[in-house]
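Notes follow once the structure below has been shown.
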Amino acid sequence: MSKAYDPKSSEPKAWERWTSAGAFNADPQRVVDGEARPYSILIPPPNVTAALHLGHALNNTIQDILTRAHRMMGYETLWMPGTDHAGIATQTMVDKKLKAEGKGGIAEYKKKELAGENGREEFVKLVQEFKDEYEARITHQLQTMGCSCDWRRQRFTMDDICARAVREAFFRLFRDGLIYRGKRLVNWDPVTQTALADDEVEMEEVKGAFYYLRYPMVKTVDGDQTIPVTWSELGARGYPDAHQHPEDEQAWVTVATTRPETYLGDTAVAMNPKDPRATSVRGFNVMLPLVGRIIPIIEDEYVVLPVKFGGEEGDAKAEMSTGFLKVTPAHDPNDYMIGQRHNLAQINVMAPDASISDQHGWEDVGDAQVFLGKSREDARKLVVKEFQARSVSEGSEGSLLEAIKPHVHSVGHSYRSHVPVEPYLSDQWYCKVSDDKLRGNAQRALKPEQRTEPSLKGWPDSRPKTQAPDSTDGSMTFYPARYAKTYETWHDNLRDWCISRQLWWGHRIPVWHIQPKGDYKESDLQDALDALADSQGCRGELCVRMIADHELASMRAFGVCTHTERAEDLMKNLWLALPNSEDKPLNRPDLFGSTGNSLESVLKVKSMIHSMQQDPDVLDTWFSSALWPLSTMGWPDTDAANSGNEPVDDFDALLKAFNPTSVLTTAREIITLWVSRMTMFNRYFLAQDKVHDKPPFKDVFIHAMIQDGEGRKMSKSLGNGVDPLDIIETHGADAMRFTLCQMTTQTQDVRMPVEPDPETGKNTSPKFDIGRNLCNKLWNASRFAMSMLEKNPVRPGPPIDPQQLSLVDRWMLSRVAHAQGAIGSALRSYQFKDYADALYDLLWRDFCDWYLESIKPTLSEDENQPAVLRSVLDSILRLMHPVTPFITESVFERLDSIPSREILGVSVMETKSTETLCQSGWPNLDPSLRDEIAEEGYDRCRALVSAIREVRASNQVPPKRSIVLHAPGELGSDVKRWNPLVETLANVREVTDSAPEGASVAFVFEGSEYKLSDLADAVDSGAQRERLEKELADLDKSISALEGRLNNPGYTQKAPAHLVDQTRAELTQKKVDRDSVRASLDSLG
RNA sequence: GGGCGCAUAGCUCAGUUGGCUAGAGCGCUGCCGUCACAUGGCAGAGGUCACAGGUUCGAGUCCUGUUGCGCCCA
């Protein structure tokens, strides 16, 4: 074995051993047959947009630690790997890449598609290639890190098995009325031209302005709506300040807006009913400049009163408000709500690219055609310019633009294209997550102790319905517990989920839109299609729903959702067969077979369809992510999953064995996006299947976020990101894993100082040295131990009774037992730092610093000691394996061939194989090995050694010099009984009862004075005095503290008796110590 | 604006029901080329536990408030 541990040579070999042994393969049948308990984890599928970063490394290290530990504990263990197609993110990446390569980007392919070519298909193929590349890279990264996933089962959210789950889920929700079509304001990204979910919008501070615009006031006389209202008229009606304006001039209202360009779509001006001006303007309208649209002045509580008229002073909104609010229902979410309340028209004045357009619902353009075709930015400038140039009415003073005040406000930006999001009215698909069948199930999943009163009060139905230990409700627990609140609050304010995206990369929505010919009901079309489906062998695989209801039959629309590929083909064929002209017969009768029955059905359906179109949109990425616990397990059709080209065909047992999973390990930012939705879907669908009604995981562990040394997020743009592969290259995978494990505390952020590696220039962190050093320590300790075992082989024999062992051996076994317990409880409570610290202390402090040093001289004489050494090293390797799998596997391979002998109480848990360390058992140390007496005895010995070492150091005694300990009485006989521990560890040549003859140095131990001699040729009495005086000062300080405590009657009366006794004993001891130190000082003269 | 978190040694962090003379690693100082490991050993210095009140016999820990930093959601 080499002197220093070399991860580069060990890691690939260990990996090879695991994979050839099939060490990571899970066998669901063993669980179903009751041979083993299940332990399963689903990987949060990384996006295929980029290589993994340190946050992924942390998350996956944690999952691997849990997986490996439970595998060794005898659980049938599944860690399911996979990646996410990350719809918009990936599509954008590919678009950018194409543009960077000088190609046209997605726009080119959109043109092709419009021209009737396969632009969409070609583009998706390119994305597929991109995905393949990154998927391979991510897989490589995870494997290099040592992730013990069952790689045979690797999934991708868009592969066939996942696609089947998506189709099934969509169909059922559609059928059950939980998916609907809605015209809503969405967060529209004008660059990628897609709707964004609320959580895909990032708020950014923007330096903008409040623009104060004047709208002339008009009234209706004899049907003419454009008659100006004058100030004097308003004044007569009690309008405050009306007299400040010229009497006969036209009055106006001033609205304040940050987005003047949206005025084109205004359909009302609103004011608060409490506004003192409300009565005087009631019944009047205003006329939009240039557009000429007459819009009403309405009253709504939403409007903030200006300070002048009762608004709160200091409230920024009240300070800015004029009391009049322009209402643009089609371009602002709040205005949309007002519009709903007052039944206002929604006028969309923009094209999908956010340029001003009269092609998307705006008709009364009037003089505003100057704005057509302008981008929203240009339109804003132009609106300001036009308003500035005009006045309220001809000849009146002042322009329509009253003022511009700078204003910093936060604006939603697309997380992909980073442009401001445009609230945009469009038709989208929604999932009714606010339904109790979904929301309620997610709320009820939470452990009752983690629910809070306000939420339970707000949602009385969300109280858990069942409470048995294995119950369906209340069985999901968050670690750390505080994150339960994030989860809970999210559901309290849940809005329906917009699930459609105007993208090409994703699961296409399996719906055909049908415009009906004639006036008929949903069920009529359903019946006709059922008959057709029947004739085509796909009965029941189509579901019809009204998706747009309108008084006019011609404006109605039906959605036909297809349940299967077959049904999809049927609809496609129907579309192909429909002739352009209504009266012509089918142009492709061949598509439906030749039976008269089918032809009749086709003709019937055809007669009902005016036009049909496949929905062009795809589903939000999170829709397939939400199905991850189901799709990875082959749901809904395990038979179909088995028949694919999968390397394993045990899907039928998979779901039964491993859903619900044991724990989900993830970052806090996706508690809402992902955890919640998986919970809803898992419970909803599996309950329908009568499988179970459980949440998809028992525990949810939320790990910390890694920030750089300055507390900033790691990101590409800041250049502070760290690539796990770089760390593995310089430090080794185990070193990285150990450091990450040790950093994983229960706080929400952890910091990792980042600096460039002086050699490679790549980002690294000194933190990883900790892990590297630990591995090196393990390597050398093992090397040393094994060489000693070669020289002093374990002799065969019956099991050793620990009671027969020497003090240090019993102590070491006790420490291992202690560590095993600490590690077990750390794992159960997801306290990963505690795990790492327990390993560090066990290996470095206990085993290396004390045990190995202690046994050096005795190993050859003590016939039991080699067996203990062998056994302890074995246990340490096993306990360390989940954190540092590679090095422990390498060492274990060598240790395994060294003979061993059983020690009573030391065993390993049973596993299905012992071929590698990875597969073999977790240490099982009987609690009786925790030996208080040995720990106390050895601790005394160590304390004495430390005291002697301190004397040696303060007197500058060279380490090589052997000295003499003068220890009469009890201590002397103890030291002799411990022989040769003190002698070895403190380099003492001789222990004697006699007093020193020559120069000596005194030290105090347990209240008595002892002496050391032969320290050097001359003893430095100054150093001794200094040391003793410091010791005296420390003692005085603690004595006065203890006395102070005991002199406090409150303490002696109220504190627990054992504590008071303890304090008294401590005080007595300290006083004795002090006397001895004083005596030593006196004798120094 | 709402929610959550953090503030302890020069740095990164532990400190789980209040009982502590407040710990670890790195860094720092001194000694050590020793036959497992210098990616190491031994010894040492270093802290008004952000601030101000309160509860208690006793507060780093619990409560209230203040300040600063960070994250999430509007």
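Computed over heavy atoms, backbone and side chain alike; hydrogens, waters and symmetry mates excluded. We name chains A, B, ... by the order of the sequence lines, and we start the count at 1 in each one.
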* **Residue closer to the 5' end of RNA chain B, A:K3 versus A:S954 (nearest nucleotide)** =>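 First, find each residue's nearest nucleotide; the 5'-ward one identifies A:K3.
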* **5' precedence on RNA chain B between A:L1042 and A:L774 (nearest-nucleotide basis)** =>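 Mapping each residue to its closest nucleotide by heavy atoms, the 5'-most match is A:L1042.
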Nearest-angstrom distance, [atom1] atom, [N] to [M]:
N	M	atom1	value
B:rG18	B:rG53	P	24 Å
B:rC51	B:rU61	P	11 Å
B:rG47	B:rC4	P	36 Å
B:rU8	B:rG60	C1'	7 Å
B:rA43	B:rC62	C1'	39 Å
B:rG46	B:rG41	P	23 Å
B:rA50	B:rC6	P	12 Å
B:rG3	B:rU66	P	13 Å

* To do: Quickly work out the A:I770 CD1 to B:rG40 C1' distance and round it to whole Å.
  =>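 Roughly 16 Å, once rounded to whole Å.
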* **Whole-Å distance separating the CH2 atom of A:W779 from the P atom of B:rG40** =>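 From A:W779 CH2 to B:rG40 P: 17 Å.
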* Asked: Is there a donor-acceptor pair closer than 3.5 Å between any side-chain N or O of A:R439 and the backbone N or O of A:H491?
  ->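 Side chain of A:R439 to backbone of A:H491, a donor-acceptor pair under 3.5 Å: yes, one is there.
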* Any sub-3.5 Å donor-acceptor pair from A:E1031's side-chain atoms to A:V1077's backbone N or O? ->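 Checked: no pair found.
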Distances under 3.5 Å between nitrogen or oxygen atoms of protein and nucleotides 56-63 of chain B:
| residue | atom | partner | partner atom | Å |
| --- | --- | --- | --- | --- |
| B:rC57 | OP1 | A:K1054 | NZ | 2.0 |
| B:rC57 | O4' | A:G1050 | O | 3.4 |
| B:rC57 | O2' | A:N1048 | ND2 | 2.4 |

Taking atom types as modelled, find out whether [X] and [Y] have a side-chain donor-acceptor pair closer than 3.5 angstrom.
X	Y	answer
A:Q443	A:S455	no
A:D496	A:S434	yes
A:R1045	A:N1048	no

* To do: Under 4.0 Å between any heavy atoms, over every strand shown, what does A:R952 touch: base, sugar-phosphate, or nothing? Just pick one.
  =>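 No contact.
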* Any A:K1030 side-chain nitrogen or oxygen under 4.0 Å from OP1 or OP2 of B:rA45 ->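 Result: yes.
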* **Under 4.0 angstrom between A:K777 side-chain N/O and B:rC37 OP1 or OP2** =>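 So the side chain of A:K777 is outside the cut-off, no N or O lying under 4.0 Å from OP1 or OP2 of B:rC37.
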Check nucleotides 14-18 of chain B against the protein and report each pair of N or O atoms closer than 3.5 Å, with its distance, or say if there are none.
| residue | atom | partner | partner atom | Å |
| --- | --- | --- | --- | --- |
| B:rA14 | OP1 | A:T745 | OG1 | 2.7 |

* Asked: What dot-bracket string describes RNA chain B from 5' to 3', counting Watson-Crick and G-U wobble pairs whose defining distances are under 3.5 Å, with [ ] for crossing pairs and | for pairs to another strand?
  -> (((((((..((((.....[...)))).(((((.......))))).....(((((..]....)))))))))))).
